[in-house]
Chemist: 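First, the structure itself, so that you have it in front of you.
Keep in mind that the numbers below use all heavy atoms, side chains included, and drop hydrogens, waters and symmetry copies.
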Amino acid sequence: MAKSKKLSDFRQQTMNANKHTERGMKALEASMNEVGYTAPMIAAADGEIIAGSARHETAANVFG
């Protein structure tokens, strides 16, 4: 069984082409508050996020 990880174990991508807008981040936060968080985040073995950096950032703000 894989060891559980905390949000703090991961870090944002160093080269992320997706620049998240303030409007988009607020919409994501509202959605997470309303329905929760079920989409996966993909990360490399060293903890660098490959997909899901906005979800990671928002989850830290919404869920602590």
Side-chain angles (χ1 to χ4, degrees):
M1 178 179 267
K3 181 181 170 189
S4 294
K5 300 273 186 178
K6 299 177 194 172
L7 285 174
S8 60
D9 292 332
F10 300 97
R11 59 185 166 72
Q12 299 294 316
Q13 250 182 325
T14 54
M15 306 260 316
N16 187 350
N18 187 354
K19 304 299 179 201
H20 304 105
T21 65
E22 184 177 340
R23 179 179 175 222
M25 294 299 281
K26 285 182 180 182
L28 178 58
E29 185 172 339
S31 174
M32 290 175 111
N33 275 316
E34 184 178 334
V35 297
Y37 173 56
T38 60
M41 182 181 70
I42 301 168
D46 67 358
E48 182 176 15
I49 298 168
I50 298 167
S53 59
R55 292 185 301 263
H56 173 262
E57 182 179 332
T58 304
N61 293 336
V62 172
F63 303 115

Chemist: Scan residues 21-30 for pairs that pass salt bridge (charged side-chain N to carboxylate O under 4.0 Å, His left out), counting only residues two or more places apart or in two chains.
Modeler: E22-K26
Chemist: Taking all atoms of both residues into account, what is the closest heavy-atom pair of M32 and T58, and its distance?
Modeler: SD-CG2, 3.2 Å
Chemist: Could you pull out every donor-acceptor pair under 3.5 Å between side chains of residues 40-47 and any protein atom, sequence neighbours left out?
Modeler:
unit_1: D46; atom_1: OD1; unit_2: E48; atom_2: N; d: 3.0
unit_1: D46; atom_1: OD2; unit_2: R11; atom_2: NH2; d: 2.9

Chemist: Quick one: salt bridge (charged side-chain N to carboxylate O under 4.0 Å, His left out) partners of E34, sequence neighbours excluded?
Modeler: none
